[in-house]
Number of protein chains: 2
Amino acid sequence: MNFADRLCAAVDRCGTPAVLGLDPRPEHLPAPWRRRPGEAGAGEIAECIRAWQMRLLELAAPRLPMVKPQAAFYERWGPPGMEALAEACARARELGMLVLLDGKRGDIGSTAAAYADAWLRGDGFPAADALTVNPYLGEDACRPFLDRARECGAGLFFLVKTSNPGAGLFQDHGEPPLAEAVACAVHRWGEELQGESGWSGAGAVIGATRPGELARFRELLPRALLLLPGFGFQGGTAEGLAPAFDARGHGAVVPASRSLLHAHEREDLAGRGWEEAFLAAVEEMVAALRTVCPLPSS
Amino acid sequence: MNFADRLCAAVDRCGTPAVLGLDPRPEHLPAPWRRRPGEAGAGEIAECIRAWQMRLLELAAPRLPMVKPQAAFYERWGPPGMEALAEACARARELGMLVLLDGKRGDIGSTAAAYADAWLRGDGFPAADALTVNPYLGEDACRPFLDRARECGAGLFFLVKTSNPGAGLFQDHGEPPLAEAVACAVHRWGEELQGESGWSGAGAVIGATRPGELARFRELLPRALLLLPGFGFQGGTAEGLAPAFDARGHGAVVPASRSLLHAHEREDLAGRGWEEAFLAAVEEMVAALRTVCPLPSS
């Protein structure tokens, strides 16, 4: 089944478009696994991440449709970190979650093909359901990602307007702004990954930190699944995300990592143990998104 | 010592700005290690790459100042591939070569910091001397790379105008073209990584496939080291690269991968064995670059 259709089904099943961002920071892991920088080697840190994420994914899988591992926080620990990343992807899929690998990869054609094979085909790493892609190199450089995604029934989320405060420096360059030109290209490419749901697996990343622009990007990208990062820790709120969703609550997903993964550090949740704190933060997020995304409760 | 100064010294020592691009494609490895797609698993392919690259680096180290491993061709083979990448970086440094990790990474601030730590600090992977960076996310997203590079004495090569045929789609967007706006930002950032040589370790990637534009980018980037990919297999030639170099032959490096790594597949070199074919292709490239880069022969 096409990625867009799989994602719509998973969102319906869980009753929420909330996505678990998996950005393991050793100094913020719950107590048994927490390690300060410099206190432990890469191998030990990777072991801590593995133990923690196995339990985390079990807690998350019944509640959230997709997990978004951030490659950087695994690369940080070298080959043992990459083993931990492979294990996270494999375990999440076993538990029935979709996996969006957040690597923001991009390179010229033949190299882009190697990245697409690395993450979407399952030869080296367990195949992810979708990958984030940086479009700076142009259409011919995005082509191998599109081809592999079509072959594998996978999805892609192209960076259009990112969630960081300085995103506009280059993404607003020119008239129309570059991000709008990228959005138009993503819309064009989207026909190739169109699902029966009407949504396309050629998606776009639009920061949840700038709801004012969302309606404009939805206009340019009427069929693209949107990934709306920046919710929670980065200051994005549910308010203003409504234009991303259709009447059935489809069309966008909202990842959060720090606001969920570090919930045990919140004073109001600290007494409860990390598992309960995590689940409470997940429920808070699900409830906040329900105000803008009209999904029936699961 | 600052990266720019280390690179100038290494280029002087070898008498050439030629850089070995390390893009292992299993189906093009020399006979004992060659594997067709689907014929072998990731573990076996990674073993073949490891055995081959150990010998290749020994051959290259006396002749070439720097090696540029392409992360995609290692990620392709999952965790065993990443082990092979770590080994390539470590061995090249032992042999006295500089290492430029070609990962084209880029993400929002806190994630960019994790990528910079992964590749420049040596905690997870052996520390590279320099990293390629995708600037699409803006200055705040490039900041952690700049900070880590300054702390570690490392270099960065920001994508400005890439070597692929369709690079202009987004990189020529607006007026002035986006690539020129990125070049101006890289020039500004360059002060932070300035070496005693006068060159800055905040470098730029400008495709060798478009020599017509090189003089313009050199004007905008008077102190940036330039990485000029696309020589050889992608059609770039030495002709026209002269504006990249100063009177001492400093200021740019020229990577080649397929034209060197697949030399044993050339009919005119096939009879000689892969090691001799590789060295012959290296000498051809060194001689071709000597016509535009006025370095004394080593």
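The sequence lines fix the lettering, A, B, ..., with proteins before strands; numbering per chain opens at 1.
No other option in B:Gly174, B:Pro79, B:Ala112 has as many heavy-atom pairs under 4.5 Å with chain A as B:Pro79. By number of non-hydrogen pairs under 4.5 angstrom with chain A, the leading residue of B:Gly81, B:Ala42, B:Ala72 is B:Ala72. The residue among A:Ala46, A:Gly166, A:Gly103 with the most heavy atom pairs within less than 4.5 Å of chain B is A:Gly166. Comparing B:Thr111, B:Thr132, B:Leu169 by heavy-atom pairs within less than 4.5 Å of chain A, the highest count is held by B:Thr111. Of the residues considered (A:Pro229, A:Ser163, A:Pro176, A:Pro126), A:Pro176 shows the highest number of contacts with chain B, using heavy-atom pairs under 4.5 Å. When each of B:Gly138, B:Gly41, B:Gly168 is checked for heavy-atom pairs under 4.5 Å with chain A, B:Gly138 comes out on top.
Nearest heavy-atom pair, A:Pro165 versus B:Asp140, reported as atom, atom and distance to 0.1 Å: CD-OD2, 3.2 Å. Here the closest heavy-atom approach between residue B:Gly78 and residue A:Phe125 is recorded as CA-CE1, 3.3 Å. Pairing each heavy atom of B:Pro177 with each of A:His173, the nearest pair is C-NE2, 3.8 Å.
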A:Arg121 vs B:Arg76, side-chain contact (heavy atoms from CB on, under 4.5 Å): CA-CA, chis, key distance, verdict:
CA-CA 9 Å; A:Arg121 280 185 28 150; B:Arg76 174 81 178 81; 3.8 Å; yes

A:Leu178 and B:Tyr136: CA distance, side-chain angles, deciding distance, side-chain contact (heavy atoms from CB on, under 4.5 Å) verdict
CA-CA 10 Å; A:Leu178 174 66; B:Tyr136 184 77; 3.6 Å; yes

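The CG atom of B:Asn134 sits 8.0 Å away from atom CG of A:Leu159, with the distance rounded to the nearest 0.5 Å. Taken to the nearest 0.5 Å, the CH2 atom of A:Trp77 stands 6.0 Å off from the CG atom of B:Asp123. Rounding to the nearest 0.5 Å places CD of A:Glu75 at 5.0 Å from CE of B:Met82. One finds the CG atom of B:Asp102 at 6.0 Å from the CG atom of A:Asp107 (value rounded to the nearest 0.5 Å).
With a 4.5 Å cut-off on non-hydrogen atoms, A:Ser110 touches chain B through its backbone and its side chain both. Looking at B:Pro135, both its backbone and its side chain come within 4.5 Å of chain A, counting heavy atoms on both sides. Contacts of B:Thr162 with chain A are made by side-chain atoms alone, with heavy-atom separations under 4.5 Å and no backbone atom involved. Both the backbone and the side chain of A:Asn164 have a heavy atom closer than 4.5 Å to some heavy atom of chain B. Of the atoms belonging to B:Arg143, not a single heavy atom falls under 4.5 Å from chain A. For A:Ala86, the part lying near chain B is the side chain, with the backbone staying farther off; criterion is any non-hydrogen pair under 4.5 Å. In this structure, chain A has heavy atoms under 4.5 Å from both the backbone and the side chain of B:Ala71.
Other residues, nucleotides and ligands contribute at most 12 non-hydrogen atoms within 6.0 Å of the CD atom of A:Glu191.
Put simply, the side chain of A:Tyr115 reaches to within 4.5 Å of the side chain of B:Gln70, judged on heavy atoms. You'll find the side chain of A:Leu137 reaches within 4.5 Å of the side chain of B:Gln171, heavy atoms only. With a 4.5 Å cut-off on side-chain heavy atoms, A:Arg105 and B:Arg105 count as touching.
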